[in-house]
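Shown next, in structure tokens, is the structure this report addresses.
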Amino acid sequence: MIQVLDQNTINQIAAGEVIERPAAVVKELVENAIDAGANAVTVEIKEGGIRFIRITDNGCGIRREEIPLAFERHATSKIAGIEDLLRVKSLGFRGEALSSIAAVSQVELITKETGAILGSRYEIHGGTEVANEEIGCPDGTTFIVRNLFFNTPARGKFLKTKTTEGNYVNDVVVHFILSHPEIRFKFMWDGRTKIQTSGNGNVKDNIYNQFGADITKALLPVNIEKHGMTVTGFIGKPELSRGTRSFMNYYINGRYIKSPIVQNAIENAYSGFTMTNRFPFTTLFLDIDSALLDVNVHPSKMEVRFTNQEEVYDLFETGLHEVLNQSVLIPKVTLANERERTAEAKKEKRARESQPQADSPEPFETNRINQELVRQELDKQVQTTQVQDKQSQAGQTPVDQKPLVQQTEHPGPKQAPSMPPGNSHPRPIHQYEQQTLYQEDLLKEDTAISFRLIGQVFGTYWLVEWNNELLIIDQHAAHEKVLYEQLIHELDTNHVYSQNLLTPIVLTLTHREKEALQTYWETFASLGFEIEDFGGDEYAIKAVPSHFLHLASKQLFYSILDELLENPMASKYGSITDRCASIACKAAVKGNHTLSFAEAETLLKQMLQAKEPYHCPHGRPTTISMSKQEFEKKFKRIV
């Protein structure tokens, strides 16, 4: 029997699409706070947010007469009609958040519109109004959400432990502090302050405070403009790669999203820099015309569609790859023992734990003093670097031959690193603001004359002295990179030769595979494949690229076709880079193979000519370095 559901059931079903867990409540309410113009937001949870959530902001507030209407389904101030969906600039717009939250919890709202004499207190439990009265309160809005899923216990059973749910909320807050560094955020969990930011607009400060010095000091600034779009932010050097994509964060017009197009572009940009199944650290911000976006894809607003997806892919893939290519990516070797590392970690932990509570006003003044001291120290370092650069350009030899120290900043006005409010023990400046870079690119042919080849150790590694650095080069990785770039160069310049097969390979393709082959017929031809239509679903491969005779031709064809099906926006030769890497690996000189000095010098010269000589095609480093200073520390010549 067909029947119309009652309104309460409809509301709870709709709430299930928007509110999955406490983190979803926090996300929706913080988005509303940001849309209301708040520059200070406090998030407080208890028991992982299952029993208690409080969101406080200093935004514009809600008019008293509009409060009941705000909890109706599809009631919103963000859009007026369907045409507004084409240019959504606010984080929220559907008008589903408040009605969904109220349908499955007990909500208390305290709000006062800017300039009003009195505020309002409103309660709604499970979609039913309980209280509506005038009270005195500050400007802004406070939402208190109690007992999530109290009237839908079946939904509550699917929640995780309090700790797990709290961690989800923590992740949501981190996304907001990265995407909106101009807002002061405070996150409290069971009465303890977990996160607090200054709202100074400096993304790198927030990265440092959330992820620590090790990650922050290995960041590369990004500022790319192409196709009428811009990408800014930071990406991690390949050494920061992890076995999970959870550190790949990207934001579109201030909104945290997940996009297969952007994800694939970033991963392909790191191709050759990181090993297989290793993923980079990114905090990137895409600024794009909202008319090119469809954010009305899913109730959670985590998915978007692009009308110019090929251009978006190219912006990320080409732009980020260029940033990596322009950077000296030689890992530094330090020989600090475990005791020293443990002592340093304990020292930093004691400094954090000894900081006073942020509720007192005095620490804010201390924080400003600390920022001024840090700013003065940074100015001195920048001036020193500029003087040394001028001396170098004038042909003078600086007195200090150590690698220069260069400050790496987020694009935009320079700002001093800020400490969280209440932090009277700022972290040492050298832990994050100083990024060791070399005065000139190490592995360039015009600097080869300064290399001194020392010898080979363990039958695999060559030792090279360069100024005040000891370079250690893996001969297999270096040769592999040389051969790989030769293959890619021949493909890029159309110097590809085909090899006829004695017996053609007959394939039976599915309808989807046939369509893909027809679409990319010219691509396969330019790669060196000669394919003939046998009629029906059958095709014959009569010739294959001569470079790929080492591999099974049938498997090679299918692997390229599958890659083009899964990632149609990949570059022309992007689908065969792994195969080029496999060929280079098989043909390269192996470890434990003794080379002569002449052979090593030839290999080194070839390596200097590579576009990106610092990593093999599989992402392993070809070269690592150890400074003279590190040697002197170990021999106690300096302290």
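All values below come from the heavy atoms of this structure, side chains included, with hydrogens, waters and symmetry mates left out.
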Between [X] and [Y], is any side-chain donor less than 3.5 angstrom from a side-chain acceptor?
| X | Y | answer |
| --- | --- | --- |
| Asn58 | Asp139 | no |
| Glu133 | Tyr122 | no |
| His227 | Asp314 | yes |
| Gln106 | Asn147 | yes |
| Thr141 | Thr111 | yes |

Spacing of CD1 belonging to Ile177 relative to CZ belonging to Arg184, to within rounding of 0.5 Å: 14.5 Å
For a 4.5 angstrom cut-off between non-hydrogen side-chain atoms, does [X] reach [Y]?
| X | Y | answer |
| --- | --- | --- |
| Phe234 | Val222 | no |
| Phe176 | Phe185 | yes |
| Glu108 | Glu123 | yes |
| Thr142 | Leu109 | no |
| Ile34 | His180 | yes |
| Ile45 | Phe187 | yes |
| Lys112 | Leu118 | no |
| Ile62 | Glu113 | no |

Using ring-ring contact (aromatic ring centres under 6.0 Å, His included) as the criterion, list what pairs up with [X], not counting sequence neighbours.
| X | result |
| --- | --- |
| Phe149 | none |
| His125 | none |
| Tyr251 | Tyr256, Phe285 |

So does [Y] get a backbone contact from the side chain of [X], meaning a donor-acceptor N/O pair under 3.5 Å?
| X | Y | answer |
| --- | --- | --- |
| Asn206 | Thr197 | no |
| Thr161 | Thr164 | yes |
| Asp287 | Thr230 | no |
| Asn209 | Asp205 | yes |
| Thr244 | Ser246 | yes |
| Arg54 | Glu44 | no |
| Lys27 | Glu31 | no |
| Tyr270 | Leu320 | no |
| Thr318 | Leu315 | no |

Electrostatic pair Arg121-Glu134, nearest N-O below 4.0 angstrom: no
For the residue pair [X] and [Y], what are the closest heavy atoms and their distance?
| X | Y | value |
| --- | --- | --- |
| Asn151 | Ser105 | OD1-N, 4.5 Å |
| Glu20 | Arg155 | CA-NH2, 3.7 Å |
| Val107 | Ala102 | CG2-CA, 3.9 Å |
| Pro221 | Val323 | O-CG1, 3.9 Å |
| Ala40 | Ile183 | N-CG2, 4.0 Å |
| Ser120 | Cys137 | N-SG, 4.4 Å |

Would you say NZ of Lys160 has more than 12 non-hydrogen atoms from neighbouring residues, nucleotides or ligands within 6.0 angstrom? no
Arg245/Glu267 under salt bridge (Lys or Arg N to Asp or Glu O under 4.0 Å): CA gap, chis, key distance, verdict: CA-CA 10 Å; Arg245 292 186 175 91; Glu267 292 178 9; 2.5 Å; yes
Using the rule given for side-chain contact (heavy atoms from CB on, under 4.5 Å), can you reason through Ile101 versus Val25, listing the C-alpha separation, both sets of side-chain angles and the distance that settles it, and then say yes or no? CA-CA 7 Å; Ile101 295 170; Val25 175; 3.9 Å; yes
From CA spacing to verdict: side-chain contact (heavy atoms from CB on, under 4.5 Å), Asn32, Val30: CA-CA 5 Å; Asn32 284 348; Val30 172; over 6 Å; no
So if I apply the side-chain contact (heavy atoms from CB on, under 4.5 Å) rule between Leu286 and each of Asn253, Val231, Ile224, which one comes out positive? Val231
Regarding Arg242 and the six-membered ring of Phe281, is the cationic atom NZ or CZ under 6.0 Å from the ring centre and inside 45° of its axis? no
